[in-house]
Each structure stands twice: as structure tokens, then as C-alpha cells.
Amino acid sequence: MNATFDLKTAVSNIASRWKYKLDEVNPGIFRVDVAVKMKDGSFRYQFVWVWIIAGRHFGKDVVYMNSRCGEYNANLNHYKLIKEGGYGTYASVTITTDKRKDGTPCESVIVQAVQPVEHTNEAILNEALYDVAYNADIIEESYFGGDNN
């Protein structure tokens, strides 16, 4: 494990530097409201959840982050959606088990990044965090009708 890496400090520094809203929703689980600059100079905001999962990568700890794009449905253009995954540097597009706001189960399209803690520092976390937010925002806008998450 990267003994010098402290997730809370790193994510707090990133949020402070870029003026992102940051909440620690549970101990060690952070919600970052990442500002994504549009071509016209305006901003949209995308929630990215960040936490450490012990032992996920061949027994090693990872920094895991994800952002919800929308609820999966069979009418999505799967080919185009999979192609969107090619734009991520740190991030990938996947489907995960989720719950609707009312608590009923569903499947959601998310953008995620999984970064081994031992290879993570604040600069890498900053890049991965923005990559997840940027790609999730594009998919959300393109396939799910706008800024909903």
C-alpha cells in the first residue's frame, strides 16, 4: 500500500483547488461535485463517488470511483455506448446493479475508474476523477436526456 497516500487529504486538496463541492457521506466515502467546463464556457456538474476498496486488485487496495449516467434499458444504442468507453484515459463504461430513488432494484450505466492505491498520488487521482466526471457527463447528456446525476 502507498503509505504516503491519504485519500481524504488528496480528495480535499483537489476539491479545494478546483472549487468542487465535497461531502464525506460516510466515513471514507466521498462525493465530489466535479465542474465540467463546456465549450461555451459554462459549467455542468457531475457527482463522482470515491472510496478505497481493500483487496480488490489481486489482493491489493484500490481507489475506486464512479459516476452514474442513467438507468440501463434495452433500447440504448449499445454499439455507440460501448464506443464511448474508448474516450476514457483512466475511466471505463460499465453496467452495475443499482437502486432507483424509491429503493427498487435496477441496473445503471456508470463510468468508473479503479486505481491501485500503491500507484496513486494526488495528481493521478485528480486526472482520474475528472476523467470519470467528464465521460459520465457526456454519456448522461447523449443517452439519458441531460444532467440528472
Side-chain angles (χ1 to χ4, degrees), residues 1-39 41-72 76 81-82 84-149:
M1 183 171 176
N2 184 345
T4 62
F5 184 74
D6 177 85
L7 181 61
K8 185 172 189 169
T9 299
V11 77
S12 295
N13 289 344
I14 292 165
S16 179
R17 179 181 319 127
W18 299 109
K19 298 178 178 41
Y20 298 158
K21 184 178 177 191
L22 171 66
D23 296 303
E24 188 170 8
V25 295
N26 284 310
I29 300 175
F30 304 93
R31 184 181 69 188
V32 186
D33 200 3
V34 176
V36 178
K37 191 171 188 177
M38 302 289 102
K39 289 179 183 176
S42 65
F43 289 90
R44 284 213 306 255
Y45 297 86
Q46 189 72 27
F47 284 129
V48 179
W49 302 82
V50 184
W51 67 96
I52 291 178
I53 299 176
R56 172 149 182 200
H57 179 68
F58 299 106
K60 296 179 181 179
D61 298 349
V62 300
V63 177
Y64 178 80
M65 58 199 91
N66 74 38
S67 185
R68 187 177 192 273
C69 303
E71 188 173 327
Y72 172 80
L76 291 171
L81 192 58
I82 290 170
E84 294 289 352
Y87 294 104
T89 303
Y90 293 91
S92 62
V93 179
T94 191
I95 297 170
T96 191
T97 301
D98 202 1
K99 291 183 182 175
R100 296 183 184 107
K101 289 180 182 179
D102 68 4
T104 58
C106 69
E107 297 283 305
S108 289
V109 175
I110 65 168
V111 175
Q112 69 175 16
V114 182
Q115 181 65 36
V117 170
E118 68 182 329
H119 301 299
T120 302
N121 59 39
E122 192 173 306
I124 290 170
L125 181 64
N126 180 63
E127 294 298 319
L129 185 69
Y130 190 82
D131 196 34
V132 168
Y134 182 80
N135 284 285
D137 184 70
I138 289 171
I139 291 170
E140 185 179 39
E141 177 72 20
S142 300
Y143 300 91
F144 298 99
D147 194 15
N148 301 309
N149 298 291

Distance-minimising heavy-atom pair for L22 and A15: CB-CB, 3.8 Å

Return yes if some donor-acceptor pair links the side-chain N/O of D131 with the main-chain N/O of E127 below 3.5 Å, else return no. no

Check N135 against G88 and note the closest heavy-atom contact, atom names and distance. ND2-CA, 3.8 Å

Taking salt bridge (Lys or Arg N to Asp or Glu O under 4.0 Å) as the cut-off, I'd like each qualifying pair that reaches into residues 88-99, sequence neighbours left out, listed once. R68-D98

Would you give the length of the straight line joining atom CE of M65 to atom CG of L7, rounded to the nearest 0.5 angstrom? 8.0 Å

Using side chain to side chain contact (heavy atoms under 4.5 Å, CB included) as the criterion, list what pairs up with S42, not counting sequence neighbours. M38, D40

Minimal non-hydrogen separation, E71 against F144, with atom names: O-CE2, 3.1 Å

Is the backbone N or O of V111 less than 3.5 Å from a side-chain atom of S67, with the two atoms forming a donor-acceptor pair by type? no

V117 and I52: CA distance, side-chain angles, deciding distance, side-chain contact (heavy atoms from CB on, under 4.5 Å) verdict: CA-CA 8 Å; V117 170; I52 291 178; 4.3 Å; yes

Working to the nearest 0.5 Å, report the span between CD of Q112 and CH2 of W49. 16.0 Å

I'd like to check the side chain to side chain contact (heavy atoms under 4.5 Å, CB included) partners of I53; sequence neighbours left out, ordered by chain and number. W51, R56, V62, Y64

Between L129 and V50, does the side-chain contact (heavy atoms from CB on, under 4.5 Å) criterion hold? Intermediate values first, please. CA-CA 8 Å; L129 185 69; V50 184; 3.7 Å; yes

How many angstroms lie between CD1 in I139 and CD in Q46, if you round to the nearest 0.5 Å? 9.5 Å

Identify all side-chain donor-acceptor contacts of residues 23-35 below 3.5 Å with residues at least two apart in sequence or on another chain.
| unit_1 | atom_1 | unit_2 | atom_2 | d |
| --- | --- | --- | --- | --- |
| D23 | OD2 | R31 | NH2 | 2.9 |
| E24 | OE1 | K8 | NZ | 2.9 |
| E24 | OE2 | G28 | N | 2.7 |

All salt bridge (charged side-chain N to carboxylate O under 4.0 Å, His left out) counterparts of E122, not counting sequence neighbours: R17

V48/N66 under side-chain contact (heavy atoms from CB on, under 4.5 Å): CA gap, chis, key distance, verdict: CA-CA 6 Å; V48 179; N66 74 38; over 6 Å; no

For P116 and V114, which heavy atoms make the closest approach, and how far apart are they? CD-O, 3.9 Å

H57 vs Q115, side-chain contact (heavy atoms from CB on, under 4.5 Å): CA-CA, chis, key distance, verdict: CA-CA 9 Å; H57 179 68; Q115 181 65 36; over 6 Å; no

Tell me if the OH atom of Y134 is crowded by more than 12 foreign heavy atoms within 6.0 Å. no

Distance, nearest 0.5 Å, that separates SG of C69 from CD of E141: 12.0 Å

Out of curiosity, L81 CG to I95 CD1, how far, rounded to the nearest 0.5 Å? 7.0 Å

Side-chain donor or acceptor of S16 paired with backbone N/O of S12 under 3.5 Å: no

Can you list everything that forms a salt bridge (charged side-chain N to carboxylate O under 4.0 Å, His left out) with K60? Sequence neighbours excluded, please. E118

Measuring from L125:CG to Y130:OH, what's the distance to the nearest 0.5 Å? 15.0 Å

Excluding sequence neighbours, so at least two apart, what forms side chain to side chain donor-acceptor pair (under 3.5 Å) with Y20? none

Could you note down all residue pairs passing side-chain hydrogen bond (donor to acceptor under 3.5 Å, both in side chains) where residues 88-97 supplies at least one of them, sequence neighbours left out? T97-E107

Taken in chain and number order and not counting sequence neighbours, the residues that satisfy side chain to side chain contact (heavy atoms under 4.5 Å, CB included) with T104 are R100, D102

